[in-house]
Each structure stands twice: as structure tokens, then as C-alpha cells.
Amino acid sequence: MFIFFASFLMYLLLVWSGSGIPMIEVVIGLLMATVVTFAYKTWHPEKRLSKRGLDPRRWFGFVAYLFGPFALGLAKANIDVAKRVITGKIRPGIVKVTPALKSDVARTLLADSITLTPGTLTVDIDDAGAFYIHWLYVEDENPSEEQLYGNFAHWARRLAE
Amino acid sequence: MAFFILVIAALLVSVFFNSLGAVSLYRFPDVYTRLHGATKCTTFGTIFIAVAVVLYAVGRLLESGENRFWVLIIHTLVAMMVLLVTNATGAHAIARASHRSGLAPAKAVVDRLEESCSRGGASQ
């Protein structure tokens, strides 16, 4: 259900031109959202259309995460990588970490967060839910979750599981 | 006026990080480390371009009160969200494809993925 509303809202946001939205655009938006939803359903028949993604508390939580801890981590890590680009001091390697996340959405959220904060890059994930992360400066060959990405896993669990 | 000083500041930050992204392509040894610089410094830089656009639009909105600046703000925010998602996914796809086609990370001190692949572990 979430994907339907997300694509519909996205369409309306893109056609809105400062004064009202003509009826024909709303109809086209509904049509497009239906097509997208059915296409998604065809690719992933095992996924049920759930109402969980529509919970507004999740949305507020997501926005709070995006502008709070995530933005902070992004800024800190970017300055760190900028220093490494200039000094050329790197010690790369691929480390393994296993956060206890079960749902696909939570894993995707965490993997995207890890990839967006520079210095860490998710390379692969296996069936058991272990993340293989390319790290620009390996401090520890068997790192803890805290060292790699702070409290992102905690947030992913809260928002998407 | 204060807004336009902020716009210029944001643009300077974005130019700095975007050029670091380009520099990192020359400084770093292999595809994974280059991806760090090339995709993420540019993400940060491009976010600041978006911030500059939003600040500019807010400044003009307060000045004139025209609705079209709201449209500019919303479209920029949508573009920023899409950029965050696609950039992370693209970087991950490139990294995963290179590792699966057998490209080992250069100068790596540890490669857990290679170890578990040769044990027959992580295979998807």
C-alpha cells in the first residue's frame, strides 16, 4: 500500500505548479500509481500489501532520523574522508559485521545509511544477514557495530522492523 | 541579503567537496576506495547545492511571496531524496559487481568477503 501512496504523492508533488492541481493530473497520478503498484506486485508476489508503511509515526521518525543522527554522521564522516583524500592515509579492507535485523526494509535502510556515510561501503550481504563492508580506514579487523556506524542499526530497528 | 551570503557559502562548500571527489579518483588505488571519494564526497557536495537552491528560494519567497518559489523548494527536496537513495544504491551495485567479478581490493589489510566466499559461505 505504501508504494501506491508514495508514487501518487510523488507525482502530485512534481506536477504541482504553485496554484492548484487540475483534476486530469490527479486522475493520471492515480492511474500511474496503480500501474506501479501492480508492477511491483508482479515482481514480488510474496510481498503482501500491508498498511504498516502508512503509520505516520514511522514517517516522523524517519524524518527525525534523516535530519538528526544521519545528517550528523554524514557530516562527520565526510570531513574525515576529505582529510584522507588530501593526506592519502588509507588502510582499506572488507570487514564483516552482523547486525540483528530481520526485515528487508530495515536491512536496506541500514545498508543505504552505511553506504552514504563515507568511509564505509556495503559490498554484499548474505542470507544470514551479515554485512560485508568496505572500510576506508580499518581500525579493527573484527569491528563492533558501534565503531562502524554508531547507532544506525538501533534506528533501523525502530523505524522498519 | 543575508540569505545570499549563505547561498554563496553553501555553494563554496559544495564546490570544495565535489572537487575532492574528483581528486580522490587520482589519489586512491582501486575501484572501492575510489567509489568512496567519487560517490560520497559528491553526494555531500550535491546536498549543499540543493541547500543553496533552497536558501535562495526561501530568500526570494520572503522578498516577493510568489508561489513559484515554493515549487522550487519542493522540487529540490524531492531531487535530494531521490539522489540520496539512488547514489547509495548505485555505489553498492558497482562495489558488489566488482567483487563478484573477482576484483580484489588493493592494499587491503583484511577481506572477509573473499574468505567466506572461498569457504562457500556468502553466495547469493
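Just so it is clear: chains get the letters A, B, ... in the order the sequence lines come, proteins before strands, and each one is counted from 1.
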Problem set entry | Leading residue by heavy atom contact count with chain A [cutoff under 4.5 Å; candidates B:Met81, B:His36, B:Arg68] | B:His36
Please classify the contact of [X] with chain A as side chain, backbone, both or neither, using a heavy-atom distance under 4.5 Å.
X: B:Arg27; result: side chain
X: B:Ile47; result: side chain
X: B:Phe17; result: side chain
X: B:Leu35; result: side chain
X: B:Ile74; result: side chain
X: B:Thr43; result: side chain

Exercise. Given the options A:Ile86, A:Leu121, A:Ile114, which has more heavy-atom pairs under 4.5 Å with chain B than any of the others?
Worked result: A:Leu121
For this session: Could you look at A:Thr120 and say if it's the side chain, the backbone, both or neither that has a heavy atom under 4.5 Å from chain B?
Result: backbone
Exercise. Quick one: what part of A:Leu66 sits under 4.5 Å from any heavy atom of chain B, side chain, backbone, both or neither?
Worked result: side chain
For this session: Using a cut-off of 6.0 Å, state whether more than 12 heavy atoms not belonging to A:Phe38 lie near its atom CZ.
Result: no
Exercise. Does atom CH2 of A:Trp16 have more than 12 heavy-atom neighbours, drawn from other residues, nucleotides or ligands, at distances under 6.0 Å?
Worked result: yes
Under 3.5 Å, sequence neighbours excluded: what are the donor-acceptor pairs made by side chains of residues 73-85 of chain A?
unit_1	atom_1	unit_2	atom_2	d
A:Asn78	ND2	A:Leu74	O	3.1
A:Arg84	NH1	A:Lys89	O	3.3

If hydrophobic clusters are built by linking Ile, Leu, Val, Met, Phe, Trp and Tyr wherever their side-chain heavy atoms come under 4.5 Å apart, do [X] and [Y] end up in the same one?
X: A:Leu110; Y: A:Phe67; answer: yes
X: B:Leu62; Y: B:Leu6; answer: yes
X: B:Val82; Y: B:Leu77; answer: yes
X: A:Phe5; Y: A:Met10; answer: yes
X: B:Leu61; Y: B:Ile5; answer: no

For this session: Among A:Asp112, A:Thr108, A:Thr122, find the residue that satisfies the side-chain contact (heavy atoms from CB on, under 4.5 Å) test when tested with B:His92.
Result: A:Thr122
For this session: Can you see which heavy atom on A:Val123 is nearest to which on B:Ala95, and at what distance?
Result: CG1-O, 3.9 Å
Exercise. Is there a donor-acceptor pair closer than 3.5 Å between any side-chain N or O of B:His75 and the backbone N or O of A:Leu13?
Worked result: yes
Problem set entry | Heavy-atom check, side chain of B:Asn87 versus side chain of A:Thr115, under 4.5 Å | no
Seminar exercise, completed: Rounded to the nearest 0.5 Å, the CG atom of A:Leu136 sits from the CZ atom of B:Phe28 at a distance of 5.0 Å
